[in-house]
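Letters go in sequence order (proteins before strands), and every chain restarts at 1.
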Amino acid sequence: MGRLASSARLVVVGGMLAYRALFNWTTPAMFVGTLLAAPLLRLAFFVYLGRRLGIADDRFFVLGNTVLAASFVCVYGGTMAVANERRYGTLGAILLSPRGRLTLWLGRALPYVINAILVVAFTLGVSVLVFDVELAPGELLALVPVFLAGIVSCAAFGLTLGAIGLRARDVFLTANVAASLLLLLTGANIPASALPGWMAVGRALPLTHSVAATQAITEGSGPAELLPYLGWELAVGLGYATLACLLLRYFEYGSRRRGTLDTV
Amino acid sequence: MSEPRPYVERVGPYRFLRLMAIGVRTHVLYMSRSPLQLGEAVVTPVVFATLAFYLFRAGGQGDQLLQASVGAGLMGTWSSVLSGSGAAVQNQRWLGTMETLVAAPTPLVLTLLPITVSTALVGSYSMAATLLWGVVLFGVPLTFADPLIFVVALLVCLLALGVVGLLLASTFVFLRNANALANSLTYPIAMLSGMLVPISVLPEWTRPISWVLPTEWGTRAVTTAAGGGEVILPMVMAAVLGAVYVILALLALAHVQDRARRAATLSLV
C-alpha cells in the first residue's frame with residue numbers, strides 16, 4: 001500500500017512540478033494565445049471553409065476540430081515534457097533517480113491530460129456559442145467519454161513523440177509533422193463520404209476514432225453504438241503508451257551507453 | 001541629465017542593399033540546413049494542399065482546384081514565414097547573439113528584415129511544391145491567366161508576407177517564447193487574407209481588418225493572376241501597405257527594444 005501511495009505521489013507531485021517548471025517561461029497571455037485561441041481560430045477557419053464549399057454543416061467542423069484541439073496540448077506538451085528536460089540540462093538528474101521509469105514519465109503526461117480537458121471544454125463551449133451550434137443534453141453527455149478517450153490516447157502519442165526527443169535533436173520537427181498528420185488523417189475536416197481509401201491509415205493515429213464517434217453521435221447513435229469507437233481509441237492510446245515506454249527505455253539505455261544523454 | 005543613446009549607424013541605399021543581400025544569403029543557407037525548417041517546408045504545404053483538394057472535390061468544385069492549389073501554397077508560405085519570424089528572435093536568444101545584434105551600430109530592423117524575407121523565400125518552395133503536388137496527384141491543370149503576371153504577383157505577395165513577418169518579429173523581441181505564439185497566428189491571418197477561404201464568407205466586421213493587411217492584397221493579386229482579373233491594384237495596395245508595415249515595424253522595434261533594454265529582459269530565455 002505504501003509503495004502504491006509512493007508511486008501515486010510520484011506521478012501526481014512529480015508531474016505537477018515538472019509541468020510548473022516547464023511552464024516557468026509562460027504568462028497567462030501566452031497560455032491563452034497558444035492553447036485557447038489557436039485551436040479556436042483553426043476551428044473557425046474550417047467552419048468558414050466548410051460553409052464556402054457547402055460540404056458539411058457547422059456541427060461537423062465544430063465537433064471534429066474540438067477533438068483535434070487536444071492535439072495542440074498533447075502533441076507539443078508531451079514532446080516538451082521529455083525533450084525540454086534534455087534542452088535545459090535536467091535530464092541527467094532525472095535519470096539518476098532510482099524510481100521506476102513508468103511512473104516517472106506517466107507523471108509527465110498527466111498535467112497535459114488535465115490541460116487538454118480544459119482546452120477541449122473551452123473550444124467546445126465558445127464555438128457552440130459563436131457558431132450557434134445546437135447540442136442536445138444527451139449529445140453533450142455522450143461527448144464527454146469520447147473527448148476523454150481521445151485526450152488520453154493523444155497524451156500517450158505525445159509521450160511517444162517526447163521519447164523520440166531523447167534521441168533526435170530537432171524534436172519539434174517530429175511534433176510539427178505529427179500535428180500536421182493529425183490534421184489531415186483524423187477525418188476531422190473531411191467528411192467520411194469524401195475520405196479516400198488511403199486515409200484509413202489514420203485509424204492508427206489517436207483522435208481518429210473519437211472524431212468518428214462525434215459524427216456517430218450527431219447521427220443519433222446511442223451509447224452502445226459508441227463503445228467500439230471508444231474501445232478502438234483507448235486501444236490506440238494503449239499501443240502508443242506501450243511504445244513510449246519501450247522507446248524511453250531503449251533511448252535511455254542507448255544514451256547512457258554512448259554518453260550522449262544531455263547532448264543538444 | 002539625459003540618458004546616453006545607443007549609437008545607430010545611418011544606412012544609405014548601397015549599404016541597405018548589401019545588408020539585405022548578405023543577410024538573405026546567410027539566412028537562406030542557415031535555414032536550408034535546419035531539419036525543422038526543411039521538414040516544415042516539405043510537410044505543411046502537402047498537408048494543406050491534400051486537404052484543400054479533397055475538400056474542393058467534395059464540395060463539387062473540381063474546376064476550382066487551381067485556386068485551391070494556389071491558396072494552399074500561400075498558406076504553406078505564410079506558415080513558414082510565421083515560424084521563421086518567431087524563430088528569428090528566439091534563435092538569436094538561444095544562440096546568445098541577441099545582445100550583440102542589439103548593441104551593433106547596424107539598426108536591428110535591418111538584421112531582422114533579411115531573416116523574414118528569407119523565410120518567405122524558403123516558404124515560396126511551398127507554392128512550387130503545392131502546384132507540383134496538384135499536377136502529379138490530382139491532375140490540376142496549370143492554366144494561369146498570365147504566367148508572367150502570376151510570378152510578379154507572387155513576388156509582391158512574398159514581400160508582403162515578409163514585412164508582416166517583420167512587424168511580428170519586431171514585437172516578438174519583447175516576448176520570451178515568441179515562437180510558441182507565432183504558431184497560433186497561422187489560421188487567423190490566413191483566414192483574414194483570403195487564402196483558401198474568401199473573405200466574403202467571413203463576418204462583415206472582419207472586412208476592415210482584411211483591408212489593412214498587405215497579405216490580403218498580396219493573396220488577391222496572386223489568386224486573380226492565376227484565375228484572371230484585376231491584378232495591378234492589389235499589387236500596388238500590397239506594396240503601399242507593405243511600406244506602411246515597415247514603418248510600423250521600425251517604430252515598434254524602437255519602442256520594444258528600448259523597453260527590453262530598460263527592463264534588462266533582452267536575453268531572457
Side-chain angles (χ1 to χ4, degrees), chain A residues 23-27 29-56 65 72 76 80 87-88 130 168-185 188-196 198-199 264, chain B residues 34-61 64 68 71 75-76 79 83 87 94 137-138 175-192 194-203 206 268-269:
Chain A
F23 278 84
N24 67 345
W25 47 266
T26 198
T27 57
M30 192 71 87
F31 181 89
V32 170
T34 54
L35 294 181
L36 299 182
L40 200 59
L41 291 165
R42 181 169 74 179
L43 182 150
F45 177 85
F46 282 104
V47 166
Y48 286 118
L49 184 59
R51 282 184 187 176
R52 180 239 195 270
L53 297 171
I55 43 177
N65 284 285
F72 271 87
Y76 291 101
M80 290 196 295
R87 173 179 279 278
Y88 295 119
V130 170
R169 282 190 189 183
D170 235 335
V171 71
F172 284 101
L173 169 64
T174 325
N176 283 349
V177 170
S180 295
L181 289 179
L182 289 177
L183 176 66
L184 178 65
L185 298 174
N189 290 306
I190 304 179
S193 57
L195 271 177
W198 66 267
M199 280 199 189
V264 288
Chain B
S34 159
L36 184 64
Q37 290 271 346
L38 287 180
E40 196 163 324
V42 170
V43 174
T44 310
V46 167
V47 167
F48 283 140
T50 310
L51 265 177
F53 292 139
Y54 282 116
L55 283 171
F56 272 67
R57 273 189 182 170
Q61 304 204 12
Q64 297 280 309
M75 278 196 73
S79 174
S83 61
W94 279 341
L137 288 173
F138 295 89
L175 299 170
R176 273 195 279 170
N177 270 272
N179 50 345
L181 193 63
N183 288 338
S184 59
L185 292 172
T186 306
Y187 287 95
I189 302 286
M191 193 162 50
L192 291 167
M195 301 172 189
L196 276 183
V197 182
I199 58 170
S200 56
V201 298
L202 301 180
T206 61
L268 284 183
V269 289

Show me the side-chain donor-acceptor pairs of residues 47-61 of chain B shorter than 3.5 Å, one per line, residues at least two apart or across chains.
from, atom 1, to, atom 2, distance (Å)
B/Thr50, OG1, B/Val46, O, 2.6
B/Thr50, OG1, B/Trp133, NE1, 3.0
B/Tyr54, OH, A/Trp198, NE1, 3.0
B/Arg57, NH2, B/Phe138, O, 3.2
B/Gln61, OE1, A/Arg52, NH1, 2.8

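Between chain B and the residues A/Leu195, A/Leu184, A/Ile190, the largest count of heavy-atom pairs under 4.5 Å involves A/Leu184. In terms of heavy-atom pairs under 4.5 Å with chain B, the best-connected choice from A/Val47, A/Leu183, A/Val177, A/Leu181 is A/Leu183.
Under the rule for a side chain to side chain contact (heavy atoms under 4.5 Å, CB included), the partners of A/Leu41 that lie at least two apart in sequence or sit in another chain are A/Ala37, B/Pro188.
In this structure, no portion of A/Ala56 lies under 4.5 Å from any heavy atom of chain B. For A/Phe46, the part lying under 4.5 angstrom from a heavy atom of chain B is the side chain only.
Here A/Phe45 contributes atom CZ and B/Met75 contributes atom CE; the two are 4.0 Å apart, rounded to the nearest 0.5 Å.
The side-chain heavy atoms of A/Pro39 and B/Tyr187, taken from C-beta on, include no pair separated by under 4.5 Å.
B/Val201 and A/Tyr48 make their closest contact through O-CD2, 3.5 Å (heavy atoms, listed as atom of the first residue, atom of the second, distance).
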